[in-house]
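This report refers to the structure that appears directly beneath it.
Since the structure is predicted, the reported quantities are computational estimates derived from the model, not experimental observations. Counting starts at 1 for both ligands and their atoms, following the listed order.
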Amino acid sequence: MKDPLKNRFLFFLTLLTIVVVLLSVTIPKSPYYVYADQEPAAVVFAAARQFNFVLSKQDIDLEKPGMGEEIELPAGEVVEFRVTSIDVTHGFAIYDDTGTLVAQTQAMPGYVNRLRWKFDKPGTYNILCLEFCGLAHANMRASFTVK
Ligand code: CUA
């Protein structure tokens with residue numbers, strides 16, 4: 001005789017097993033772990049604020065962030081962005097010169113997100129804010145070059 005409760009239990013047990021197996025395979029391959037075992041060739045400090053980004057090769061004093069500096073990064077090497085925010089939560093999205101999103105993280109006040117990436121293609125890259133942060137959100141952009 002069929003027991004519908006037992007069938008239902010087996011169905012959910014099978015479903016749970018599939019989900020756990022898929023998560024344990026895919027989570028370690030998520031982009032958050034990219035280049036975690038390599039020393040970056042360059043470190044860029046980035047502080048977002050309403051409504052621009054300050055970029056510097058030196059650690060940024062969040063009390064007096066200034067205007068930052070021109071950033072040039074080596075092609076084909078791992079670089080690290082240390083991204084934070086001076087005021088509210090912003091996005092930190094890197095686009096190549098074709099307008100394709102390459103890598104991104106969030107710029108959060110009181111926290112530093114480390115984003116490691118390897119830019120194989122030389123050129124100009126743009127940083128845009130991907131988090132609605134106020135009236136001039138759409139004007140938030142910066143750029144750097146890869147040579
Ligand atoms: Cu900063 Cu949107």
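A perpendicular orientation is assigned to the rings of F53 and F92, their planes being inclined by more than 60° (bins at 30° and 60°). Between F144 and F81, the angle of the ring planes lies from 30° to 60°, which puts this pair in the tilted group.
The minimum distance between atom 2 (Cu) of ligand 1 and any N, O or S atom of H137 involves atom ND1. Of all the N, O or S atoms in E131, the one closest to atom 2 (Cu) of ligand 1 is O.
The pair R82-D59 does not meet the salt-bridge criterion, since no charged nitrogen lies less than 4.0 angstrom from a carboxylate oxygen.
Residue side and main chain included, Q50 places no N/O/S atom under 2.8 Å of atom 1 (Cu) of ligand 1. Under 2.8 Å from atom 1 (Cu) of ligand 1 lies an N/O/S atom of H90, whether from backbone or side chain.
Ring centers of Y95 and Y125: at least 6.0 Å apart, outside the cut-off.
Around atom 2 (Cu) of ligand 1, the two atoms SG of C133 and SG of C129 are separated by an angle of 110°, to 10 degrees.
Between N139 and N52 the shortest side-chain heavy-atom distance does not fall below 4.5 Å.
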